A.B. asks: 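Let me give you the structure first, and then I'll get to my questions.
Lettering of chains follows the sequences in order, A, B, ..., and the numbering in each one begins at 1. Quick caveat, the model's predicted, so the values are computed rather than measured.
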Number of protein chains: 2
Amino acid sequence: MTTKTGGGQVPAGYDPSRFPAFAVTVDVVILTMSGGRLHVLLVRRGVAPYKGMWAIPGGFKRPTETLGEAAKRELAQETGVDSASLLTQFGAYGDPGRDPRMNVVTVAYLAVIREVGAVVAGTDAAEAALIPVSEALNEQIELAFDHAQIVRDAVERVRADLDLTGIATAFVGPTFTLAELRTVYEAVWGVQLDGANFRRSVVTVDGWVIPTGRRARPGAPGGKPAELYRAGRMWKYSSPIRRSQPNERRKADS
Amino acid sequence: MTTKTGGGQVPAGYDPSRFPAFAVTVDVVILTMSGGRLHVLLVRRGVAPYKGMWAIPGGFKRPTETLGEAAKRELAQETGVDSASLLTQFGAYGDPGRDPRMNVVTVAYLAVIREVGAVVAGTDAAEAALIPVSEALNEQIELAFDHAQIVRDAVERVRADLDLTGIATAFVGPTFTLAELRTVYEAVWGVQLDGANFRRSVVTVDGWVIPTGRRARPGAPGGKPAELYRAGRMWKYSSPIRRSQPNERRKADS
DNA sequence: AGGGTAACAGTCGTGACGACCAAAACCGGA
DNA sequence: TCCGGTTTTGGTCGTCACGACTGTTACCCT
């Protein structure tokens, strides 16, 4: 903040009430994996403007709380999740007219939660749903306000974070198989990864995933039961998997 | 933004005036290279609070402008630079009490400009100076408000951007030698890069730097004159140089 | 003219990574 | 119980990126 040091306006000891008033809100883009696809939690607006349209959850920031606390509160209200399940601020939006009623600046947060069937439990009357991001962004669904842009930015952020932090572990449960973890990368990046190579990259990094003794029950088609891992302490510092360039050069055409 | 969909408060058709009022400001962390070191532009506050302390430039957002426009305006006011010399939003800060006078939420921008001696020209009476970030953050200088944290975050952001975009070219002039460009990486990352390897990495990437025919005049100690390059179009998509792990293994100690 | 310095060119060895193959371990059905 | 299908897991191999290092070119200054 700070007052202009020079520049003329608001010189010395200005009146604290002589500034444009804004409403400050916090919006949370809640992402999760479901059925191998990336989903975003949207709620249907019950009031004007944009009544009946889908939007991301959010609300006013209170003067007594920090931005992060406000985001945490909104997340808990909407999903019941109150753990520190990864809440990252990724942008602020304040275009004039983005809210037709008044001047609103919103600070956007990205929340990653693991697949939960009871996500909508925390919400009351208003409709809420997990929508695949591919549908939410492909003009199939028109989002309220500038929320389409906000969701786009959130997805871009998680894509970037995926190869420089271990944010992928936030998508899966406290214990997971390597195949589960792999689907996170594949869904978010839209690529196909080799299971064996993925395993090697992840396991060789010390302190990233820790094998529990147990094994997961194979699914319907059978297969060798996979070992269950839990996230190590290195997950927030580095990523074992790096997104390669589009890397066109399949040897297939030979 | 959006009103809470449920949750009780502010139900249907609420009064637009029933929300906590905030002041919204935009602060700009202006970084540049000077003498092989990373510098930040600070201004000395002329009014209370924190009168006489150093702070980063900033000011109120106007309801008729976007956040980016406000940042651009502040940057121009402070430096005279009005070109699109890289202006990136990187954070919002709204802790209660961060401004003792009122509720202020600030949106922080990072601006990278090339070394200019006349940076302070745009400013009037108020004192302004380029301070090495190492001094500005090492408790040598106490910054006003939470500006120390904001500068720390800005530096962290530019460090990260350096190996996934070509932000380094924003530090140098429209035409530059590879050694110049290399000092940017070395100063921001605090590492030492081999000139020959750096050259290979940068030049082999197609469309990143484009050789002009001309050559730079060698400095005082002589040496072969370096070729002058200009930034290609790929600079905003990828980086030819990646920051390796701390990578301890210098053979120097032998 | 010669020493110093910096840009530029090339070599070499290590290691990371993707493509690929094969064994192990489980499923379901015949 | 045997067998094909499926998934995990372990291993090999070739390519290539990259750091370390050496040598050459072209300018400075004295």
A.B. asks: Kindly indicate whether the side chain of A:Asp27, heavy atoms from C-beta on, has any atom under 4.5 Å from the side chain of A:His147.
C.D. replies: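 With C-beta onward as the side chain, the pair touches.
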
A.B. asks: Which letters describe nucleotides 6-16 of chain C, given B = protein heavy atom under 4.0 Å from base, S = only from sugar-phosphate, - = neither?
C.D. replies: BBSBB------

A.B. asks: Considering the terminal five base pairs at each end of the helix from C:dA1-D:dT30 to C:dA30-D:dT1, what angle separates the two local helix axes, rounded to 10°?
C.D. replies: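 That helix gives 10° between its end axes.
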
A.B. asks: Any salt bridge between B:Glu69 and B:Lys72, counting N to O under 4.0 Å?
C.D. replies: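 Result for this pair is no, no salt bridge flagged.
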
A.B. asks: Given 3.5 Å as the limit, does a donor-acceptor pair link the side chain of A:Asp146 with the main chain of A:Gln149, or not?
C.D. replies: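 Side chain of A:Asp146 to backbone of A:Gln149, a donor-acceptor pair under 3.5 Å: no, none is there.
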
A.B. asks: Would you say A:Met33 and A:Glu180 make side-chain contact, with heavy atoms under 4.5 Å?
C.D. replies: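 They are not in side-chain contact.
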
A.B. asks: Please confirm whether the backbone N or O of B:Phe90 pairs with a side-chain atom of B:Arg157, one donor and one acceptor, at under 3.5 Å?
C.D. replies: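 Flag not set: sc B:Arg157 to bb B:Phe90 has no pair under 3.5 Å.
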
A.B. asks: Send over the distance from A:Leu193 CG to C:dC17 P, rounded to a whole Å.
C.D. replies: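 Rounded to the whole Å, the gap is 12 Å.
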
A.B. asks: Return the value, rounded to whole Å, for the distance between atom CZ of B:Arg242 and atom C1' of C:dC17.
C.D. replies: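 After rounding, the reported distance stands at 14 Å.
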
A.B. asks: Rounded at 0.5 Å granularity, tell me how far CE in B:Met234 sits from OG in B:Ser239.
C.D. replies: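 The CE atom of B:Met234 sits 11.0 Å away from the OG atom of B:Ser239.
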
A.B. asks: How many Å lie between CD on A:Gln192 and P on C:dC20, as a whole number?
C.D. replies: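 So the two atoms are 13 Å apart, to the nearest Å.
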
A.B. asks: Is it true that a side-chain atom of B:Glu186 and a backbone atom of B:Leu193 form a donor plus acceptor pair closer than 3.5 Å?
C.D. replies: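 It does hold such a pair.
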
A.B. asks: With a 3.5 Å distance limit and no angle check, can you tell me whether A:Thr212 reaches the backbone of A:Leu228 through a side-chain donor-acceptor pair?
C.D. replies: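 Here the side-chain-to-backbone pair exists.
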
